Structures are given as C-alpha cells and as structure tokens.
Amino acid sequence: MEAKKNKIIKNDEKSIQKYRFLFQSIVVLICIWIGVEFYLFINFLESGGLASEYFRRPAGVEAFLPISALMSLYFFFLTGEIHQAHPAGFFILIGIITVSLAFGKSFCSWMCPVGFISELIGDFGDKISKKLFKKKIIMPKFIDIPLRSLKYLLLGFFVYSIFFAMTAASLKYFLDSPYNIMADVKMFYFFADISRFSLIVIAVLFVLSIVFRNFWCRYLCPYGALLGVLSLASPNKIKRDPVSCIDCGLCTKACPSNIKVDKKLTVFSDECSTCLSCVDVCPVKDTLQLKSIYTNKAQDKKKIGFAIAAIYLSIIALGVITGNWHNKVSQEEYLINFKDINSLGHPTSTRDIEYLNKKLSEKEVANGQRNSR
Ligand code: SF4
Ligand code: SF4
C-alpha cells in the first residue's frame with residue numbers, strides 16, 4: 001500500500017447518487033400519476049358507466065402485472081402474436097429485460113419503485129443501526145445464502161408453471177379470461193380492501209427491511225431473481241484495477257448488496273444492481289469503473305441513466321407506434337366484467353393447468369373429428 005500511495009491520483013469525479021435519486025423519484029411520480037388515472041377509471045367502473053366523464057385506463061398500470069406479462073411473452077414465442085389483453089405489460093417486460101441485458105440488474109436500483117422505497121427504508125435502518133451498534137447490521141452468511149435462494153424458488157415455480165406446464169392453447173385461454181383482463185382491477189381492490197393478514201405481512205417486511213437492507217429485493221422478489229439471472233449475461237460489469245487500488249475497502253462498505261468489491265477484479269454477481277455506489281466512493285481515479293468485459297472500455301457513469309432511459313423508452317415507443325400499447329378491451333366489456341369482479345377466479349395451479357390442457361386437447365380432437373365427418 002505504501003508503494004501505491006505515491007502514485008495515487010485522486011478521484012475527483014462527482015457522485016451520481018443524487019442524480020440516480022432524481023431518476024428514481026421521477027419514476028415514482030409517473031407511478032403515482034398512473035395510480036391516480038387508474039383510480040379515476042375504477043370510479044367510472046364503480047358508477048356502472050353512469051359517471052359523466054369516462055377516464056381511460058392508463059396502459060402503464062400493466063407494469064404491475066409481471067406474471068401476465070411473462071405469459072404474454074411466452075405466448076408470443078409460441079405463436080408470434082402479441083396478446084391484446086395487456087400489450088403494454090408485454091412491452092414493459094421486454095424493455096426491462098433489455099435494460100438488464102445491457103446494464104445488469106439496473107432496473108432494481110434505477111427504476112423499480114419498490115426498490116426505491118426499500119432503499120429509503122434501508123438508509124433509515126442504517127442510520128439507526130450505526131447509532132445503536134456503530135455498524136451496519138448484515139445477515140449472517142449461513143442464513144443469507146439459503147434465504148437468497150427463496151426468490152429463485154419462487155421464480156422457478158412461475159417459470160415451471162408457465163414455460164413447462166402451459167401450451168399455446170392454455171396460455172390463450174388464460175390470457176383471454178376475464179380474470180386476466182381484470183387482474184389490475186383486482187390488484188387495486190387487494191390494496192384498497194387490504195386484509196389484516198396482508199397488512200401484517202407488509203408490516204413484517206417493513207420492519208425486516210429496516211434491520212436488513214433490501215430484505216424484500218434480496219430474498220423474496222422473483223422479478224429481481226429473473227433480472228439477476230439475465231444480468232449475468234450483461235457485458236457491462238464493475239471492474240477493479242488491482243494496480244491502482246489502495247485496498248481501502250470503501251467500495252465494499254458502500255455496496256448495498258454486501259458484495260466484497262475490494263476482493264474482486266470483476267463483479268460478476270446476480271446481486272449487483274449497477275447502483276454505482278462503489279464507483280462513487282472509490283478515492284482513486286479510474287480504479288473502479290463500469291466497463292465492457294469485451295472491449296474493456298469504461299462507461300461514462302453520468303450517461304448510464306440516459307442510456308437506461310433511452311433503451312427502455314425506445315421499446316415502449318415501439319409498442320405505441322405498432323398500436324400495441326392500449327389494450328383492445330372495450331368500455332362495455334370492462335363494465336360487464338366489473339359486475340363479477342369478486343367471483344372472478346383463475347386456473348393457475350399446475351393441476352388446474354394440466355386439467356385445462358387435457359380438456360383443450362380433447363376439445364381440439366372432438367372438433368377435428370366433427371370437421372372430418
Ligand atoms: S457492486 Fe457496486 S454497483 Fe454493484 S451493487 Fe455493489 S455498490 Fe452497487
Ligand atoms: S474503494 Fe475499493 S477499489 Fe477503490 S481503492 Fe478502495 S478498495 Fe480499491
């Protein structure tokens with residue numbers, strides 16, 4: 001370290017964390033705006049269509065229907081067709097997947113509103129634990145590793161239920177169903193009339209997120225698990241120059257994902273969310289950078305947010321330009337389905353889907369026999 005100290009060139013680049021905070025805040029404001037529009041749409045449905053003004057359902061609400069979007073994606077792979085129940089959800093998912101393939105799990109630290117709230121709770125928790133215990137509380141490794149596998153188990157369940165248990169016919173059956181069409185409305189009522197049990201679960205997660213930073217994201221979010229897996233294929237990784245590094249360990253201390261950045265040459269982790277906190281705190285110029293593993297070219301950290309927004313918005317624009325943003329469900333259909341909103345059920349268990357596949361193939365055989373007569 002002594003030998004290295006002579007050659008230290010101070011890192012005088014400004015931190016981009018404020019700018020990332022601004023980016024996250026804009027996304028949250030957009031979500032609030034979508035929430036208000038959706039609330040007005042629900043009010044219209046509740047009036048039975050008698051309200052003087054019709055508020056169009058905001059398509060962006062489909063960002064909160066990731067399972068339906070995953071089904072639409074698989075349906076697209078099998079049939080080449082973009083299902084029209086939640087086409088915006090399909091494009092939002094493609095946008096998020098593309099961003100993850102380009103810049104790792106950056107969606108979690110730049111765009112996800114839950115990730116943002118989780119981060120704010122984590123900052124609050126860190127302040128308390130530093131005051132009380134003079135250090136951050138970190139989950140012991142022997143609990144951390146098995147807990148981290150939970151989100152992959154959840155992801156595995158969804159992947160199996162969709163990609164292995166469903167056919168194009170059963171996907172279409174599900175995606176066409178009133179349950180899927182009204183899934184966003186049902187989600188609204190889930191939160192509007194939240195049960196005591198759900199409230200207790202949210203409260204427990206809140207407390208756990210104060211004690212253990214990003215509890216939900218790190219251990220339970222299947223969406224984060226999916227993006228974490230995809231992020232491994234991203235060419236842009238945090239790289240450390242071992243020659244100029246002075247082993248101060250500040251990068252590891254700053255990492256919200258508890259990655260030992262100071263011990264790595266390249267951060268190749270499904271937990272890295274490309275938040276660039278480590279890059280910002282590194283005191284030595286060009287020692288820690290986001291670089292392409294193929295060209296070794298450093299990415300300008302000030303432009304990462306623009307690059308993420310550009311990729312994401314281009315894919316959304318593609319959805320809008322091709323007429324696949326707003327769904328084709330009519331006002332009348334919404335009003336009819338709304339009358340039965342409480343009784344709408346869905347076939348999601350593997351047994352139900354197997355049964356559904358069997359019934360659909362029996363129907364196809366029967367239709368074939370009828371046609372051949
Ligand atoms: S390694 Fe760096 S970029 Fe990745 S999560 Fe940790 S601090 Fe953020
Ligand atoms: S912050 Fe990390 S990469 Fe930078 S000098 Fe310190 S130990 Fe090395």
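Predicted model only: the values in this text are computed from it and were never measured. Computation of the quantities below employed the complete heavy-atom set of this structure, encompassing side-chain atoms and omitting hydrogens, waters and symmetry-equivalent molecules. Atoms within a ligand are numbered from 1 in the order they appear, just like the ligands themselves.
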Heavy-atom contacts with [X] under 4.0 Å: which atoms of ligand 1 show up? List them by number with element.
X	result
V261	1 (S)
S257	5 (S)
T274	3 (S)
L276	3 (S), 8 (Fe)
C255	1 (S), 5 (S), 6 (Fe), 7 (S)
S273	4 (Fe), 5 (S)

Pull out every atom of ligand 2 sitting under 4.0 Å from any heavy atom of [X], numbered as shown with elements.
X	result
R240	3 (S)
D262	7 (S)
G249	6 (Fe), 7 (S)
P283	1 (S)

Are [X] and [Y] linked by a side-chain donor-acceptor pair shorter than 3.5 Å?
X	Y	result
D340	Y179	no
K186	N342	no
H83	D176	yes
S234	S231	no
Q84	N327	no
Y219	R148	no
S292	N236	no
T287	D241	no

Original post:
Are more than 12 heavy atoms from other residues, nucleotides or ligands located less than 6.0 Å from atom NZ of K285?
Top reply: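 No, the 6.0 Å shell around NZ holds no more than 12 heavy atoms from other groups.
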**OP:** Decide if atom CZ of F124 counts as having more than 12 heavy atoms of other residues, nucleotides or ligands within a radius under 6.0 Å.
**Re:**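 No, CZ of F124 has 12 or fewer neighbouring heavy atoms, counting only those of other groups under 6.0 Å.
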Subject >> S244 contact mode with ligand 2 (heavy-atom cut-off under 4.0 Å) >> reply: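 None of S244 does.
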Subject >> Best match, P256, C272, C251: closest heavy atom to atom 4 (Fe) of ligand 1 >> reply: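 Answer by nearest heavy atom: C272.
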Considering non-hydrogen atoms of the protein only, which is the closest contact for [atom], and what is the distance?
atom	answer
atom 6 (Fe) of ligand 2	C248 SG, 2.3 Å
atom 5 (S) of ligand 2	I246 N, 3.5 Å
atom 2 (Fe) of ligand 1	C278 SG, 2.3 Å
atom 8 (Fe) of ligand 1	C275 SG, 2.3 Å

**OP:** Give a yes/no on ligand 2: does V281 have at least one heavy atom closer than 4.0 angstrom to it?
**Re:**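 For ligand 2, residue contact (heavy atoms, under 4.0 Å) with V281 is absent.
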Subject >> Residue C282, metal atom 8 (Fe) of ligand 2, N/O/S under 2.8 Å >> reply: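 Looking at C282, which is the residue asked about, there is no N, O or S atom under 2.8 Å from atom 8 (Fe) of ligand 2.
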**OP:** Return the orientation label for the F215 and F212 ring planes: parallel under 30°, perpendicular over 60°, tilted otherwise.
**Re:**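 The arrangement is tilted - the two ring planes meet at 30° to 60°.
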